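One structure is given below, encoded as structure tokens.
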Amino acid sequence: MTENTRPLNFVEKIVKEDLENKVVQSVQTRFPPEPNGYLHIGHAKSICLNFGIAQTFGGHCNLRFDDTNPEKEDIEYVEAIKDDIRWLGYQWSGEVKFTSNYFDQLHAWAVELIENDKAYVDDLDKDAARASRGTLKESGTNSPYRSRSVEENLALFEKMRLGEFDEGHCTLRIKGDMASPNMHLRDPIIYRIRKASHHQTGDKWCIYPSYDFAHGQGDAIEGVTHSICTLEFEEHRPLYNWFIDNLSVPSKPVQYEFSRLEVNYTVTSKRKLKQLVDDGIVDAWNDPRMPTISGMRRRGFTAAAIREFIDKSGVSRNKGVVDVSMLEFAIREDLNNNATRAMCVLRPLKVTLTNYPEDKTEILTTAGHPSREDLGTRELPFSNTLLIDQDDFREEANKQFKRLVIGKRTRLRNAYVIEADEAIKDTDGNIIEVKARIIENTLGNNPEDGIKPKGVIHWVDATDNVDCEVRLYDRLFNDPAPDAGGKDHMQSLNPNSLEILNGCKGEKGLATADNRIRFQFEREGYFVQDSRYSKPDALVYNRVISLRDTWGK
RNA sequence: UGGGUCGUCGCCAAGUGGUAAGGCACCGGGUUUUGAUCUCGGCAUUCGUAGGUUCGAACCCUACCGACCCAGCCA
């Protein structure tokens with residue numbers, strides 16, 4: 001573990017002080033997703049914050065599915081979310097929790113509110129309720145049903161529970177303040193009728209608590225001390241506290257809000273991501289270009305890099321958009337330290353070594369990583385016919401070009417220095433082969449005549465190699481803020497976000513490597529096999545991220 | 001004058017009365033069998049603006065400007 005000298009963020013400071021001042025004995029947090037979609041990079045921040053704080057301060061973090069709206073939810077998402085959290089490297093405390101576990105208690109609390117004349121059954125329909133709520137600048141008006149007796153409300157609420165009313169017929173509302181400048185306090189609805197089967201409770205209920213009525217109480221039941229959520233819930237806090245203060249809850253959690261994570265050149269709205277899937281712009285929710293956790297996982301990002309990125313981007317109440325270069329730095333840093341090196345030629349060009357015996361093959365051995373001995377060694381077959389990348393050869397070039405040029409020398413990575421003599425072309429003038437010579441005794445040495453090669457290029461033996469497909473990814477959008485200011489993100493799609501290269505040739509060892517290990521294909525970037533398309537006899541690699549490239553800058 | 005929140009380098013972000021941390025990005029030098037890595041150096045006289053208080057202000061006060069959030073029987 002490296003020493004972390006990062007200053008505490010504002011939430012951590014609050015927790016630290018509460019612990020020091022014995023405001024709480026130990027810290028309990030929770031990550032509370034609604035199981036209605038896949039997790040994305042923004043959720044990862046909440047996960048890292050909640051689980052991270054529990055870890056840092058020796059507390060616990062629950063996973064609680066906030067499943068109060070059966071119509072939008074599905075068990076499929078429950079499982080996917082659990083997978084993502086585990087993959088990110090976190091384990092929730094005890095069993096997975098569901099807000100639906102507390103439906104009985106929540107119902108009892110609703111009855112308690114009615115008995116105390118603090119809630120009433122309202123028959124206003126949706127439109128009428130909206131109209132009576134007033135506007136941002138004008139007060140609302142009380143519902144004509146607000147003055148029903150406790151007995152009548154009790155009876156009506158029981159009828160709601162028994163399914164005697166149709167959906168939308170009535171709701172249970174708090175007696176708030178229809179003149180409050182905070183819209184959330186204008187008689188908020190705490191129970192509504194939903195005749196839908198629930199993924200956890202089946203058909204037991206046909207009335208469901210609202211977020212506001214369920215969240216704080218769920219926190220209280222679980223002994224959550226610090227209920228950390230995003231900024232848009234800030235105005236719900238008075239309501240959150242009202243329930244905690246007016247109900248016989250077992251503990252008193254406190255809500256704190258932080259700014260959600262946004263990254264440029266992408267979108268995280270569920271609706272917009274779904275559009276990319278539905279329109280076939282990407283192949284699934286876990287397409288390697290998607291900002292979903294599963295997409296990033298498939299792309300080849302590591303959990304450590306994502307955690308590091310989130311840690312580095314900080315926690316505050318300022319709304320900001322983090323530059324994607326910060327994410328790219330985090331994954332490059334991790335993979336530079338941990339990825340085994342290999343050579344893979346993406347766009348092959350044949351090179352014939354005219355002074356190397358035609359029938360000779362030697363096996364060159366090189367390190368799996370420049371500084372990690374634990375990553376072992378590699379064996380590279382070498383013969384008179386090799387493949388290099390088309391971009392690494394030019395018939396003539398200025399001195400900026402440090403690769404193979406006719407009459408000039410270059411180093412074959414991990415092998416000899418060669419000098420090019422001639423370019424062979426087809427009838428269309430395309431270069432199809434390069435004739436070159438090995439400079440004697442340059443394996444591990446510089447040329448004896450003192451003329452050092454300018455650059456180093458990667459290569460692979462022309463016959464003893466592994467064929468593969470390589471998928472190069474670029475950002476999905478050309479606009480740094482694809483959906484800002486109501487813009488249509490579909491208008492700024494990057495048509496070149498995926499480039500598929502076939503007939504790529506990788507070094508021999510790739511064929512037998514574990515399909516989950518990440519490689520640095522030297523001079524190209526970091527790659528991992530695609531979990532959807534790669535097969536043992538037909539390898540498909542995703543480029544996680546290119547190497548930093550300062551040539552020409 | 002509906003309420004709430006937020007404004008520190010291109011981006012993120014420390015700092016909360018004692019004279020602007022750090023990271024990313026960017027720009028230079030060095031090393032290098034990856035144009036990578038590594039390494040060295042540069043990069044806010046200034047903290048939304050304008051006043052005020054103070055020996056001293058990004059931090060306190062006042063006014064103004066700007067951005068965002070709230071009118072779901074979504075979370």
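Chain identifiers are assigned alphabetically (A, B, ...) following the order of the sequence lines, protein sequences preceding nucleic acid strands; residue numbering begins at 1 within each chain. Given the structure is predicted, the values throughout are model-derived calculations rather than measurements. Atoms considered below: every heavy atom in the structure, side chains included; atoms not considered: hydrogens, waters and symmetry mates.
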Given [options], identify the nucleotide with an atom nearest to the side chain of [X].
{"X": "E232(A)", "options": "G2(B), G35(B), C69(B)", "result": "C69(B)"}
{"X": "R413(A)", "options": "C11(B), U33(B), A21(B)", "result": "U33(B)"}
{"X": "R194(A)", "options": "A75(B), A13(B), C73(B)", "result": "C73(B)"}
{"X": "M183(A)", "options": "A71(B), C24(B), A14(B)", "result": "A71(B)"}
{"X": "L136(A)", "options": "U37(B), A71(B), U33(B)", "result": "A71(B)"}
{"X": "L547(A)", "options": "A13(B), A75(B), A36(B)", "result": "A36(B)"}
{"X": "F329(A)", "options": "A36(B), C24(B), A75(B)", "result": "C24(B)"}
{"X": "K319(A)", "options": "G2(B), C69(B), G35(B)", "result": "C69(B)"}
{"X": "E34(A)", "options": "A75(B), C12(B), A71(B)", "result": "A75(B)"}
{"X": "E234(A)", "options": "G72(B), A14(B), G4(B)", "result": "G4(B)"}

Does [N] have its OP1 or OP2 closer than 4.0 Å to a side-chain nitrogen or oxygen of [X]?
{"X": "K312(A)", "N": "G23(B)", "value": "no"}
{"X": "S325(A)", "N": "C24(B)", "value": "no"}
{"X": "S210(A)", "N": "C73(B)", "value": "no"}
{"X": "R409(A)", "N": "U33(B)", "value": "no"}
{"X": "R332(A)", "N": "A36(B)", "value": "no"}
{"X": "R133(A)", "N": "G72(B)", "value": "yes"}
{"X": "K452(A)", "N": "U32(B)", "value": "no"}
{"X": "R317(A)", "N": "C6(B)", "value": "yes"}
{"X": "N182(A)", "N": "G4(B)", "value": "no"}
{"X": "T550(A)", "N": "A36(B)", "value": "yes"}

Under 4.0 Å between any heavy atoms, over every strand shown, what does [X] touch: base, sugar-phosphate, or nothing? Just pick one.
{"X": "S313(A)", "value": "sugar-phosphate"}
{"X": "E235(A)", "value": "base"}
{"X": "R403(A)", "value": "base"}
{"X": "F401(A)", "value": "base"}
{"X": "G168(A)", "value": "base"}
{"X": "T68(A)", "value": "sugar-phosphate"}
{"X": "F233(A)", "value": "base"}
{"X": "L124(A)", "value": "base"}
{"X": "E524(A)", "value": "nothing"}

Notebook entry, point to check: How far apart are the C-alpha atoms of E333(A) and N336(A), what are their side-chain angles, what is the distance that settles it, and do they pass the side chain to side chain donor-acceptor pair (under 3.5 Å) test?
Noted result: CA-CA 5 Å; E333(A) 184 180 46; N336(A) 177 51; over 6 Å; no

Say you pick atom [atom1] in [N] and the same atom in [M]; how far apart are they, in whole Å?
{"N": "A20(B)", "M": "A57(B)", "atom1": "P", "value": "12 Å"}
{"N": "U31(B)", "M": "U45(B)", "atom1": "C1'", "value": "36 Å"}
{"N": "U49(B)", "M": "C59(B)", "atom1": "P", "value": "10 Å"}
{"N": "C43(B)", "M": "C26(B)", "atom1": "C1'", "value": "8 Å"}
{"N": "A14(B)", "M": "A75(B)", "atom1": "C1'", "value": "33 Å"}
{"N": "U54(B)", "M": "G42(B)", "atom1": "C1'", "value": "36 Å"}
{"N": "A25(B)", "M": "A44(B)", "atom1": "C1'", "value": "16 Å"}
{"N": "A67(B)", "M": "G30(B)", "atom1": "P", "value": "47 Å"}

Next item on the list: With V405(A) as reference, evaluate K402(A), R409(A), K408(A) under the side-chain contact (heavy atoms from CB on, under 4.5 Å) test and give the passing residue.
Entry: K408(A)

Margin query: Tell me which one of R413(A), R403(A), K454(A) satisfies salt bridge (Lys or Arg N to Asp or Glu O under 4.0 Å) with D392(A).
Written below: R403(A)

Once you round it to whole Å, what is the distance between [atom2] of [N] and [atom1] of [X]?
{"X": "F10(A)", "N": "C59(B)", "atom1": "CZ", "atom2": "P", "result": "21 Å"}
{"X": "D389(A)", "N": "U34(B)", "atom1": "CG", "atom2": "C1'", "result": "14 Å"}
{"X": "E71(A)", "N": "G72(B)", "atom1": "CD", "atom2": "P", "result": "17 Å"}
{"X": "F519(A)", "N": "U34(B)", "atom1": "CZ", "atom2": "C1'", "result": "16 Å"}

Tell me whether [X] contacts the main-chain N or O of [Y] through its side chain, where contact means a donor paired with an acceptor under 3.5 Å.
{"X": "R260(A)", "Y": "T230(A)", "value": "no"}
{"X": "H198(A)", "Y": "C206(A)", "value": "no"}
{"X": "S259(A)", "Y": "N318(A)", "value": "yes"}

Next item on the list: State whether the distance check finds a donor on one side and an acceptor on the other, under 3.5 Å, for side chain R6(A) versus base G22(B).
Entry: no

Note to self: Distance to the ring centre below 6.0 angstrom and angle to the axis at most 45 degrees; does that hold for R475(A) and Y265(A)?
What the structure shows: yes

Next item on the list: Fit a plane to each ring of W459(A) and F382(A), take the angle between them on a 0 to 90° scale, and name the class: parallel (under 30°), tilted (30 to 60°) or perpendicular (over 60°).
Entry: perpendicular

